[in-house]
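The next block holds one structure in the form of structure tokens; read it before the comments.
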Amino acid sequence: MRAADIRRTLQREFVRTLRRPFVEAVREYDMVQAGDKIAVCISGGKDSMLLALLLQDLQHTVDFELVFLAMDPGYAPAGRAQLEANARQLELPLEIFETDVLRIAGNHASEHPCFLCAKMRRGHLYTEARKRGCNKIALGHHYDDAIETVLMGLIYGGQVQAMLPRVKAKNYPGMELIRPLYLTREKNVQAWADFCGLTFLPCDCPAKALEHDTQRARVKALIASLAAENPQIEANILNAVKNVDTAKLIGWRDENGKHSFLDWLEK
């Protein structure tokens with residue numbers, strides 16, 4: 001399918017399931033403003049490629065700039081070739097820079113490389129985006145990523161936290177991270193890729209061989225099993241971090257440190 005035809009699917013067949021939730025998220029969380037210069041971080045997967053096309057479409061109504069930035073963390077030659085081929089098919093002017101993130105993460109955190117890998121990737125992307133004059137980076141995390149993160153934090157991290165749709169960079173002043181696919185379902189992204197006959201780059205991370213044993217994979221399966229019995233489960237997970245009743249928390253922390261419900265009782 002030609003690039004123009006693929007783009008048209010977002011105005012026709014997938015306007016309700018993809019374009020509409022994208023626009024809703026951008027508006028609800030005020031992600032894009034006139035004058036922004038946004039680096040779309042292309043991982044090679046279906047989510048970031050879709051994000052690139054949707055942000056290009058948004059340029060018809062909002063005056064902002066885009067840079068399409070891809071990091072080669074140490075892909076095998078076939079993986080790099082697939083990334084470049086997809087960019088050509090979708091007519092994305094991709095800028096690729098090279099790092100050795102996969103090797104470092106594999107050597108220094110061989111059993112649990114995901115955290116280190118993600119942290120290093122983020123740092124490189126901020127640095128390269130800032131070099132190009134960008135004030136924001138856009139990542140392809142979607143709704144399913146968001147609800148999985150909530151449950152993972154609760155079960156494995158012992159904390160209530162959310163994957164935020166917007167984040168100010170702590171170590172990169174003036175930079176911000178946005179997630180415009182925040183309200184987009186993963187199954188709809190896959191349906192679009194299948195409809196367009198697109199094949200995307202699989203994950204090349206050191207943990208790929210352990211994919212079915214990762215915490216995220218287990219949480220994904222848990223959510224699917226619960227949602228099969230109660231379709232409201234997924235929305236409830238995300239709503240839980242939107243409707244926190246602070247009067248019923250045992251403890252919490254903020255920029256001023258840790259707090260306890262006892263502090264309120266003693267007043």
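- By the 4.5 Å heavy-atom criterion applied to side chains, Asn230 and Ile233 are counted as neighbours.
- Residues Gln89 and Arg2 have side chains that never bring a donor and an acceptor to within less than 3.5 angstrom of each other.
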Hey, mind stepping through Asp57 and His60 against side-chain contact (heavy atoms from CB on, under 4.5 Å) and telling me if it holds?
-> CA-CA 6 Å; Asp57 180 67; His60 291 111; 3.8 Å; yes
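- The 12-atom threshold is not exceeded at NZ of Lys168, counting heavy atoms of other residues, nucleotides or ligands nearer than 6.0 Å.
- If you take CG on Leu51 and NE2 on His142, they are separated by 11.5 Å, rounding to the nearest 0.5 Å.
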Name each donor-acceptor pair under 3.5 Å that joins a side chain in residues 239-246 to protein atoms two or more places apart or in another chain, with its distance.
from, atom 1, to, atom 2, distance (Å)
Asn239, ND2, Ala235, O, 3.2
Asn243, ND2, Asn239, O, 3.0
Asp245, OD1, Ala247, N, 3.1

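- Across all non-hydrogen atoms, the minimal contact from Leu198 to Trp192 is CD1-CH2, 3.8 Å.
- Side-chain contact between His124 and Cys41: absent, with no pair of heavy atoms (C-beta onward) separated by less than 4.5 Å.
- A donor-acceptor contact closer than 3.5 angstrom is absent between the side chains of Lys220 and Gln215.
- Residues His259 and Asp254 have side chains that bring a donor and an acceptor to within less than 3.5 angstrom of each other.
- Ring-plane geometry between Phe14 and Phe195 is classed as perpendicular, the angle between the planes exceeding 60 degrees on a 0 to 90 degree scale with a lower cut at 30.
- A 4.5 Å side-chain heavy-atom check between Leu177 and Lys136 finds every atom pair outside the cut-off.
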Any chance you could lay out the salt bridge (charged side-chain N to carboxylate O under 4.0 Å, His left out) test for Glu98 and Arg80, step after step, and finish with the verdict?
-> CA-CA 11 Å; Glu98 298 181 357; Arg80 173 69 174 258; 3.3 Å; yes
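- The stretch residues 149-178 participates, sequence neighbours left out, in these ring pair (Phe, Tyr, Trp, His ring centres under 6.0 Å) pairs: Tyr126-Tyr172.
- A centroid separation of 6.0 Å or more is found between the aromatic rings of Phe22 and Tyr182.
- With a 4.5 Å cut-off on side-chain heavy atoms, Leu151 and Ile223 count as touching.
- Under the 4.5 Å side-chain criterion, counting only non-hydrogen atoms from C-beta, Asp47 is not in contact with Leu139.
- A salt bridge links Glu128 and Arg132; the closest N-O separation between the charged side-chain nitrogens and carboxylate oxygens is under 4.0 Å.
- Looking only at side-chain heavy atoms (C-beta outward), Gln56 and Phe68 come within less than 4.5 Å of each other.
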